[in-house]
Structure formats: C-alpha cells, structure tokens
Amino acid sequence: MSQSHAPDARTRAAELREKIERANHCYYVLDEPEITDLDYDLMLRELEALEQAHPELATPDSPTRRVGAKAKGGFAEVRHAIPMLSLNNAFEQEGDTDRERFREVAEFERRIEQTLDRRTPVFSVEPKLDGLAISLRYEDGVFVQGATRGDGETGEDVTANLRTVRAIPLHLRGEGWPRVLEVRGEVIMLRKDFEAFNERARIHGEKTLANPRNGAAGSLRQLDPSITAKRKLSFFAYAVGEVRGGELPLTHSKTLAQLREWGFPVSPEVDTARGLDGLIAYYHRIGEKRDRLPYDIDGVVYKLDDYEGQRVMGFVSRAPRWAIAHKFPAQEQTTTVEAIEIQIGRTGAATPVARLAPVQVAGVTVTNATLHNADQVARLDVRVGDTVIVRRAGDVIPEVVRVIPEQRPAHTHPWHMPSHCPVCGSALLREEGEAAWRCSGGLICAAQRKEALIHFAARRAMDIEGIGERFVDALVDFGYVHTPADLYKLTLDDFLEMKRRADERDGTTPETVKQGKVATKWAENLIEAIEASKQTTLPRFLFALGIMHIGESTAKTLAAWLGSLAVIRRMPAAVLRVLPDVGSEVAASIAGFFAQKGNQKVVDALLASGITFSDETHPSPKLRQQLDLAVLLDMAGVNKLGPKSTKLLAERFTTLDKLLAAGPAHWVTAGLPSAASTNLEGFLAHEKNLKPLREADEAMRELLAAIPQASTAAEAALDGQTVVLTGTLASLSRDEAKERLEALGAKVAGSVSKKTSFVVAGEAAGSKLDKAQELGVPVWDEAQLLALLARHEGGA
DNA sequence: ACACCTCGAGTTCC
DNA sequence: CTCGAGGTGT
C-alpha cells in the first residue's frame, strides 16, 4: 500500500467513525435505529480493514475498539467483571459452491484446525437471537443483579426490569452451582408477543414497535418496571461470565446443559457440529427453519466447544478467535425511492409502485416494491427521494416497511394519486368505501386491454404459450389486436411484420437470413399455440373473459350448474343468484357483462373463430328445486315483501302467471299481509316492472326445460369434502393433484379453516400445516393421497 | 347485524 | 402470499 493513499484513507476513516458513532448513539442510547444492521456492519468492517492496512490511523477511541456507545443516564452503571464479548461476523460471499460462499467460515474453521492441530473440531452451535444481550449475576443461588451489555465493559443496571421477565429464574434450581455465577444470554420478544402488542397498540391508537428487537430493547429501558412487566419478554441463556466458588463442565455444550438444569431457558435449537461440513449443514438447517421459529434470528453462532481449546485460541482485540457469528443475508435493506409510478391492472385498479435504487435483499436484486394503494402511501408518507427500509415479505414480495425521516432531502412533497390515468388520460375514480382508485377508461385504456389479453392467454385461462408482456405491448400498441377475438384472426405475415416493427422500435437488430428463419419459426409456433387453444373447457373460457369477480372457482361453479355458455349468457341476475357463492354483486357482474353489446360481439367472434368446449353439458338437476317463483319475487325487490312472504306466495301460486291470474284478493286470503299485497299490486301494475320479470320467468323456464329428466348423478366419492394442499408433492404437480381431487367431487381450497376436511402436506410445508395442526384438522402425506386417488379413480 | 370463510386480484423475480 | 371484499351462516 503506497503512502499516497493515506490522506484519502484518513478522511474516509474519520468519516466512518463519525457515522458509526452516530449509528451507535441511535441504536444503543435512543433505541431508534437509523440504519440497518448490515449497513452498520459493512461500515465497521471497512473501518477495520482501513485500520489494518494503515495502523497509523488506528485511534484508541475508534469504534472498532468497543462494542457500543456509552450508557445513557437514568440507570446505574455496572462494570462487568469479565467483559461481554462481541463476535466477528461471517457473511455469505458471491459464489456457486458452499466452499466459495462460506469462505469466511471456512477460514475460521481452518485456523482452529491449524492452531490446535486437530481435524474436524467439535463446535457448540446455536441460533443468533435478535434481541438484547444481558448478564445475570447470581450469588448463593439468588438473582442479585442484571445488566445490559452496554459497551461490553460497562452496562446499565436493569435488575428491576429483568426481575419482571418470567423466563429469568430468581433462584437457581437443583444443586452444585458456584457461589457466584454470571449467566449471559439474550432478552427477546417472541414474534407472537410482538404482534399482540402492536395489535393492542393499534386499537388504542398508541405507538407501535418497529420490530421485536426494538420491543425487547425498549421494554428493558423503561424506568418504571411495571411497564416492563406488561410487555411479554423472553430470555435464552448462551454463555457464562464470572464464576467463583464452584466448577463448570469442561465444554460449552455441557455447560449449557448444566444451565438448563439450573433453571435457565436454553434455545432448543442448540446443538453440536463437527468440522466445516457440520457447521454449514447447521447453517442450512436453521436457515430453512428460520421463518417458523417463534423468534427473529439474524444468523447462527459457532463456538469451539472445549474451554481448553478456547483458551489456546485466545482473542484478537475484543473478539474471540474461537467463535464466529455466521449471518444470514439481510432481509431488510435501505434504499432510496427514485419515483412513484402508477400501474393500471386488468380491472383498471391504479396501484402505486415505488421504483427503487437497486438493492440486494435476501439474495435477489429488488428495484420495485408495491405500495398497495393511496392509503398505504399516506400511512407511510413515502415521498420521491426518501430513504426507505425494504423487506421481502413472506420471503418473496418486496414491500416498503417504513421511511427514515432523518434522511429525507429538503423540498419533498407528499405523494398524491394523480387525477387521471397515466396511460389513457381517463379520470381515476374511487368507489365509495373502496380502497382502490380505478381508471374509468375501460377498454379505451390500452393498459387495461393489455392486461385483459395477458389474462386471456394465461395458463389457467386459454393457455396460449408465448403471449408475454413484450409481445402484448406490440400487439396492442400497433393496433393488431383490440379484443381477445382479434388474436384468432392474426396471420403469419401479421406476426412477422409486427415483430419487425417492434424490433425497430426497441433498438434495431440487423436483419439476417438466419434471424429471418428464427422469426418465422417463432411465428409458426405462436399460430400453432393459438390454434391449439381453441380446444378448451367452459370454465377456462369463462375465466379467460375476465368478468369482474369471476375467478377460476366461480367459473367452475357456473359451468357445473348451468352446463353451457348458451345458457349462462342468457340468464338474468335473479337466476344466477341461486347458485352457491353467487350473490347480488357477482350475479349483476355476470349478467351485466353479457348484456353489453361490445362483449356480446367479442364472445360471438370467439365462437365464430372456432372455439369449442369439450365439457358442455345440461344444467344440473339440482337447480330444479331452487328455481321457483320466489327467485322472481326476490328480484322484484318490492318493499315490505320479505323472505317469508316471498316463500308463501311461491308455495301457493308456483308460477308468475298463476300469481297474476289470482290477483290481490287471493294473495291476502293465502296469508299475505295487506301492506305487502298493496305494494306488490302497485309494482306489478307498471309495465316497466313487469317486463323484466316476464323475461326472467321465461329464462327460468327455458333453463328448467333444459334439465334432463333422468337424474343420473352418481354420488361422487369426495362430495362435499374440502381439501387444502400445501408444500411440494414429489410425484404430482399441485395443479394435477387439484384436478384429480376435484374430479372426485372434492373442493380444493387455498387456506385452512375448521371446515377443511383434511390437509395434504408435501415437502417443505409451511404455515398452512401449522394452522392445520392448530385447528386439529387431519394432515395427510403424499402416500395417503395417492392411495385415496387410486382407490376411487379405479372405480370410476 | 356480525363474524367467519372463501375467493378474487394484484404483485415480484427468475 | 397477502389483502380486501363478497357470500353465508349464526
């Protein structure tokens, strides 16, 4: 390293120290972290590296020389007889193999092997709890003092608060304990206690906690122990400090076992491991379990198990050479908001999305994060230019957790939902009581047309392979396709021409003979895929149309009960409402869709292009009892004509004609209250009321006539059972399992409730399995499912 | 009227 | 996967 770099290094070191000091102050003294742990660790490591490369820059008061900042006033200071350690950290590196990714752990292990001249040494391994480190002092078996770690040398006396933590024993159990014993461990808040606390705080309009770690730290720093007592804190022991007047076992793992006997909680995940392979296996095992643990952890800790080995390894400055913290990739990161944009969905819903400066979060680069809706943006007060903390919720979907207000640049403005659609310029409107703003442009809006097309072609809908985002963009932008029906009119030449124009627009690609052939092959495949999609099923087609509120499940219900598209598209809302899971909203949506001229045209065009359904059938016989006069009267919605009166009239007069023929006098004789009778008479007197009623009556009779007389419906094996699938099945795809279960009459639901008949759990089953166990719902494994399918499918 | 249960819709990245 | 909201049963 040449001298000429020293001035730069000096400036940087000073800058880092200043930043680290400030972060320490926020983290330890104010309990209000301003930067994420990873940022902090990275800065500290950079400073350490600088000081190592330029020893002349190291100062006695550098943050690398201690663990944290000075304790704040309010609590008495406690000097630790034996300093509380800090550990070196190992992070995952870039690489393809475990050896590469865990280089730092490998070096740690190799150093021990070499120094001790031992192969595959034994380690005590444990999860690294994310809480607050404390030390507990017991004299003659009695808890006398508890302190926070502070800077490692001196902490705060929080005895009174720690006494309120039930996990901490006030007297040691068993026997054989030393006269003086210091036990070190972590005070944490369990996730469920954290959730419960925030839930309560929200209801009472009080301040919520940012995370469980803050919950633990903040609670211990309460000056009034009665407040601490109300927070549910937990404690796990993981080390000992001063020991006098007694002996401990010779290894760390045995000491932990001993502590457990003396009454201290020790994490059940604590284990021993041999050599590097053992350490890495443990890291993976805990990593997989991480989300299911009752508390937050940010890694695992490896400690050389035998104390003699530890003594030989010794320390480098403050950190032991016989232990290391192996950290998981950060799940939270800070980044900046570069823009807040609006995305228009298939239904016109306008969703704000934060465009972020790229960051690595839990192993992937995140550049976008949904902000859900305008309310959410207002709640978080996210602004363009803000520094925010992002997290991958449920390990997948990035979300903005909160803004760091201290780092907000000057002259920012609160974000507001624009008044008009950024794509088509139509007004954005919000329905009363709805969270979402919607583009009012309908199919005028190119964004909605594009989303509708992608939905139409989706795997679970018409299943046209090769219709992706880029392709749909071109199809719509160049005007080749306006509605899904246009897809079926496209020719090979259309595709090739369109591709040429698209390539031209997105940056030119030189036209070669070979590329010409590739393009032709691509277009041929697409035409073939479109052609193949014409052979479909009725539920897929109904789902593909993108009718509001009609998902896969409702589409299946419609097909199962009504049998054919011809019937479905002619049924008025009143009739649709008798179907299970179809209420007034959904019924109106379906009937409304098919009533629109434009939609009728599209459906007709699709049918004309040759779409056929392999599964059209007759309406279900089960409709027979449900389609009666009551359905029509319900539709009329006459004032004072409640369910009771409706039922009465339906039973007595059975049809609309008979009801009209009988007249008001007979209605009253039959038992109808006179007020209801008067209202009904008035209603029916108007032709504009009567006409839709007659039409619905006709539709109903048409439907009844279409129901086959002989009921051949065999009782399905799993009729009425609700099944939930979770995890990965080895021999079946989830879709296939679902299909086969439904073929046997079962309903396959997405979430577990007490109505669930049984849950089928595959590999790596998650929260649904926990829920099932909680509710006492039977859990089947894959073998049981296969046996069930074999048993019943064989018979069918 | 209220609470519970499903379903629909939207979202990210590889 | 999560949230919101429609549907249904108490």
Side-chain angles (χ1 to χ4, degrees), chain A residues 195 291 331 333 335 341-356 358-376 379 390-401 430-439 447-448 450-452 454-455 458 460-461 468-469 539 542-558 573 576-590 643 722-727 734 738 746-757 764-771 775 777:
Chain A
E195 305 285 347
D291 290 340
Q331 290 195 318
Q333 281 287 22
T335 184
E341 289 174 6
I342 298 293
Q343 261 175 29
I344 303 293
R346 169 166 68 87
T347 61
T351 309
V353 176
R355 305 283 174 216
L356 306 168
V359 266
Q360 290 285 121
V361 186
V364 300
T365 309
V366 169
T367 53
N368 300 313
T370 177
L371 294 166
H372 293 115
N373 53 49
D375 292 344
Q376 174 79 352
R379 213 174 305 137
V390 290
R391 153 172 82 195
R392 294 225 292 154
D395 245 15
V396 250
I397 295 169
E399 66 176 4
V400 173
V401 181
R430 168 136 80 165
E431 288 283 319
E432 195 67 38
E434 265 204 350
W437 289 77
R438 296 196 133 85
C439 165
Q448 291 187 55
K450 285 175 187 173
E451 294 301 321
I454 288 172
H455 173 77
R460 315 186 85 96
E469 198 179 322
L542 289 170
F543 176 53
L545 289 176
I547 303 166
M548 254 246 244
H549 298 128
I550 308 304
E552 264 185 302
S553 176
T554 314
K556 278 178 187 158
T557 305
L558 288 172
L576 295 170
R577 269 195 45 164
V578 308
L579 305 185
D581 302 328
V582 177
S584 53
E585 196 85 13
V586 173
S589 172
I590 300 165
T722 305
V723 184
V724 174
L725 301 171
T726 180
R734 219 192 177 82
K738 184 175 175 191
K747 221 170 126 174
V748 179
S751 57
V752 181
S753 74
K754 58 188 172 202
K755 285 189 184 170
T756 308
S757 312
S767 61
K768 283 188 246 181
L769 178 57
D770 301 340
K771 184 86 185 276
L775 295 175
V777 171

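Just so it is clear: chains get the letters A, B, ... in the order the sequence lines come, proteins before strands, and each one is counted from 1. From a predicted model like this one, the values you see are computed outputs, not experimental measurements.
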Check your understanding: Which of these, Val401(A), Thr335(A), Asn368(A), sits in a side chain to side chain contact (heavy atoms under 4.5 Å, CB included) with Val390(A)?
Key -> Thr335(A)

Quick check on [N]: is either OP1 or OP2 less than 4.0 Å from any side-chain nitrogen or oxygen of [X]?
X: Thr365(A); N: dC13(B); value: no
X: Asn368(A); N: dC13(B); value: yes
X: Thr554(A); N: dG8(B); value: yes
X: Ser553(A); N: dC7(B); value: yes

Nearest-0.5 Å distance, [atom1] of residue [X] to [atom2] of residue [Y]:
X: Thr351(A); Y: Arg438(A); atom1: OG1; atom2: CZ; result: 9.0 Å
X: Thr347(A); Y: Met548(A); atom1: OG1; atom2: CE; result: 5.5 Å
X: Trp437(A); Y: Asn373(A); atom1: CH2; atom2: CG; result: 11.5 Å
X: Leu576(A); Y: Ser589(A); atom1: CG; atom2: OG; result: 10.0 Å
X: His549(A); Y: Ile590(A); atom1: NE2; atom2: CD1; result: 10.5 Å

Point to revise | Contact residues, residues 341-351 of chain A to DNA chain B [heavy atom, < 4.0 Å] | key: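 Correct list: Gln343(A), Arg346(A), Thr347(A), Ala349(A), Thr351(A).
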
Check your understanding: Taking C-beta and beyond as the side chain, do Thr365(A) and Val359(A) meet within less than 4.5 Å on heavy atoms?
Key ->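 No. Closest side-chain heavy atoms not under 4.5 Å.
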
Point to revise | Close residues, residues 582-590 of chain A, relative to DNA chain C [heavy-atom separation under 4.0 Å] | key: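 Going residue by residue through residues 582-590 of chain A, the ones with a heavy atom under 4.0 Å of DNA chain C turn out to be Val582(A), Gly583(A), Ser584(A), Glu585(A), Val586(A).
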
Exercise for review: In plain terms, say whether Asp581(A) and Lys556(A) are close enough for a salt bridge, that is, a side-chain N and a carboxylate O under 4.0 Å apart.
Suggested key: no

